[in-house]
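Some notes on the structure that comes next.
Values reported hereafter were calculated over all heavy atoms of this structure, with side chains retained and with hydrogens, waters and symmetry mates removed. Please read all numbers here as calculations on a predicted model, not as lab measurements. In each ligand, atom 1 is the first atom listed, and ligand 1 is the first ligand listed.
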Amino acid sequence: MKEKTTVGVIGLGLGQAHLAGYLKDERTEVIGLADLDAGLVEDTALRHGVPHAFTDYRDLAALGPDLVSVCLPNFLHAPVTIDVLDAGAHVLCEKPMALNAGQARDMAFAARRNGRYLMIALNNRFRAETRILKKLIEQEVLGEIYYARTGWLRRSGIPGPGTWFTRKSQAGGGPLIDLGVHMIDLTRWLMGNPRPVSVVGATYSRLSDSVEGVFDVEDLGAAFIRFEGDATLVAETSWASHVPSEGSYVKLMGTRGGAEITGNDLTVYTDLHGEQVNITPAYAPREWSECVAAEIAHFVDCIQAGRTPMSTGEQGVEIMQILDGIYESAAGNRMVHID
Ligand SMILES: NC(=O)c1ccc[n+]([C@@H]2O[C@H](COP(=O)([O-])OP(=O)(O)OC[C@H]3O[C@@H](n4cnc5c(N)ncnc54)[C@H](O)[C@@H]3O)[C@@H](O)[C@H]2O)c1
């Protein structure tokens with residue numbers, strides 16, 4: 001039997017879901033946790049029988065785990081991931097990869113320099129319906145996908161108002177970087193990760209005046225993204241907007257068929273024997289925590305087999321280039337080219 005992959009988790013907000021995923025995976029052994037909140041990290045370690053609890057993540061990295069999850073506020077992703085890679089661990093870093101593409105490039109470079117894997121936690125790729133659609137696309141059921149639309153709109157869902165989430169310097173932005181990163185990545189992945197070449201973006205902050213504390217990010221953002229070849233993607237996201245309720249969607253238009261995911265529902269539109277048909281695959285949707293567990297199982301598979309994981313640092317850099325471009329376009333009211 002293979003030796004267990006030893007694991008550390010840094011940041012115990014969302015990091016609790018990573019911890020649960022590792023505890024469920026018999027191939028891993030969680031050897032340490034880190035969080036600035038001493039009570040939280042000690043309680044969590046005690047509750048799950050994890051031998052080491054630290055308030056300084058560098059002490060966890062010094063234990064020499066094989067794999068570390070970085071589940072910290074966005075502004076800490078780059079410096080902590082680079083430190084942990086330099087200490088010799090593989091890293092699963094939460095989304096968004098970083099505050100901007102420059103930081104993301106440094107992270108991808110640190111992974112290569114150290115010969116370690118860096119995977120970005122874009123867990124929507126692990127939903128049941130998105131995996132089925134990806135398989136159908138790989139079988140060319142949609143043909144060439146030339147146009148796509150995606151969005152995640154909340155009526156009222158500003159995360160952590162007044163905390164790091166709503167500060168540009170610590171979050172990098174609002175719903176575009178928080179929710180849009182998931183939907184843009186998911187759609188681009190379904191399209192085969194085409195290279196972005198230009199974007200036009202717009203951002204608004206019309207419904208967040210009453211938020212207490214610092215709020216210097218958008219509450220709604222939209223973009224038109226052009227890829228190499230001529231495929232295009234329209235994206236929209238909000239933390240606050242006058243819509244009926246929270247919802248997300250992906251719509252793909254291809255030469256042989258189209259597909260739509262609304263919430264967890266997948267429908268494929270195509271022609272069969274000259275007739276238009278709507279296909280609804282049968283599957284059990286996964287809970288969010290199951291998607292995180294599946295993402296973790298995939299990364300552990302890759303580490304144990306010496307195989308590059310999906311959702312690489314390099315793909316993460318391109319997503320950050322798109323997001324940087326959207327913000328730059330919105331600020332300058334012009335189209336931005338992506339090199
Ligand atoms: N993939 C998803 O679906 C998903 C969902 C929610 C959040 N996230 C991402 O996860 C990350 C964390 O979000 P969150 O909601 O858990 O935030 P949070 O603020 O609730 O929790 C962050 C934790 O990190 C700890 N922390 C802060 N600075 C630290 C430091 N220097 N060293 C050690 N610990 C430190 C805090 O004490 C806190 O416990 C963000 O990047 C967010 O975008 C992803």
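Across every non-hydrogen atom of Thr267 and Thr280, the tightest pair is OG1-CG2, 3.9 Å.
Applying the 6.0 Å contact sphere to OH of Tyr204 captures no more than 12 heavy atoms from other residues, nucleotides or ligands. Arg226 CZ: 12 or fewer foreign heavy atoms inside a 6.0 Å radius.
Only the side chain of Leu40 comes within 4.0 Å of ligand 1, judged by heavy-atom distances. The side chain of Leu76, and not its backbone, has at least one atom closer than 4.0 Å to an atom of ligand 1 (non-hydrogen atoms only; side chain from C-beta on). Contacts with ligand 1 closer than 4.0 Å are made by side-chain heavy atoms of Asn123 only, the backbone lying farther away.
Remark: ligand 1 atoms within the under-4.0 Å shell around heavy atoms of Cys71 are 12 (C). The ligand atoms of ligand 1 that sit less than 4.0 angstrom from a heavy atom of Trp288 are 3 (O). Taking every heavy atom of Phe165 and a limit of under 4.0 angstrom, the matching atoms of ligand 1 come to 15 (O). Per-residue contacts place His77 under 4.0 angstrom from the following atoms of ligand 1 (heavy atoms of the residue considered): 41 (O). Atoms of ligand 1 found under 4.0 Å from any heavy atom of Gly11 (numbered from 1 in listed order, with element): 24 (O). Every atom of ligand 1 with a heavy atom of His182 under 4.0 Å away is listed here by number and element: 1 (N), 2 (C), 3 (O). Applying the 4.0 Å criterion to heavy atoms of Pro73 picks out, from ligand 1, the atoms 22 (C), 24 (O), 27 (C).
Below 30°, between 30° and 60°, or above 60°: for His90 and Tyr117 the angle between ring planes is below 30°, a parallel geometry.
Among all protein heavy atoms, the one lying closest to atom 39 (O) of ligand 1 is Asp35 OD2, 2.6 Å. Nearest to atom 43 (O) of ligand 1 among the protein's heavy atoms is Lys95 O, 2.9 Å. Among protein heavy atoms, the minimum distance from atom 26 (N) of ligand 1 is reached at Leu72 CD2, 3.6 Å. Atom 29 (C) of ligand 1 has its closest protein heavy atom at Leu36 CG, 3.4 Å. The protein heavy atom nearest to atom 7 (C) of ligand 1 is Leu14 CG, 3.6 Å. Protein heavy atom in closest approach to atom 21 (O) of ligand 1: Gly13 CA, 3.9 Å. The nearest protein atom to atom 17 (O) of ligand 1, hydrogens excluded, is given as Trp164 CZ2, 3.6 Å; this is a heavy-atom distance. Among all protein heavy atoms, the one lying closest to atom 41 (O) of ligand 1 is Asn74 OD1, 2.6 Å.
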Hey, mind stepping through Arg286 and Arg127 against side-chain contact (heavy atoms from CB on, under 4.5 Å) and telling me if it holds? CA-CA 6 Å; Arg286 282 179 173 163; Arg127 287 158 53 184; 5.8 Å; no
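Salt-bridge formation is not detected for the pair Lys4/Asp66: no Lys NZ or Arg NE/NH1/NH2 atom is positioned less than 4.0 Å from an Asp or Glu carboxylate oxygen. The pair Glu328-Arg334 counts as a salt bridge, with a side-chain nitrogen and a carboxylate oxygen less than 4.0 angstrom apart. Between Glu290 and Lys24 no salt bridge is recorded (no basic side-chain N to carboxylate O distance below 4.0 Å).
By the criterion of side-chain heavy atoms lying less than 4.5 angstrom apart, applied directly or through intervening Ile, Leu, Val, Met, Phe, Trp or Tyr residues, Trp288 is grouped together with Leu92 in one hydrophobic cluster. Hydrophobic cluster membership is shared by Val41 and Leu63, with clusters built from Ile, Leu, Val, Met, Phe, Trp and Tyr side chains linked at under 4.5 angstrom.
Applying the side-chain contact (heavy atoms from CB on, under 4.5 Å) test between Leu186 and each of Leu122, Thr130, Val181, Asn123 identifies Thr130 as the sole match.
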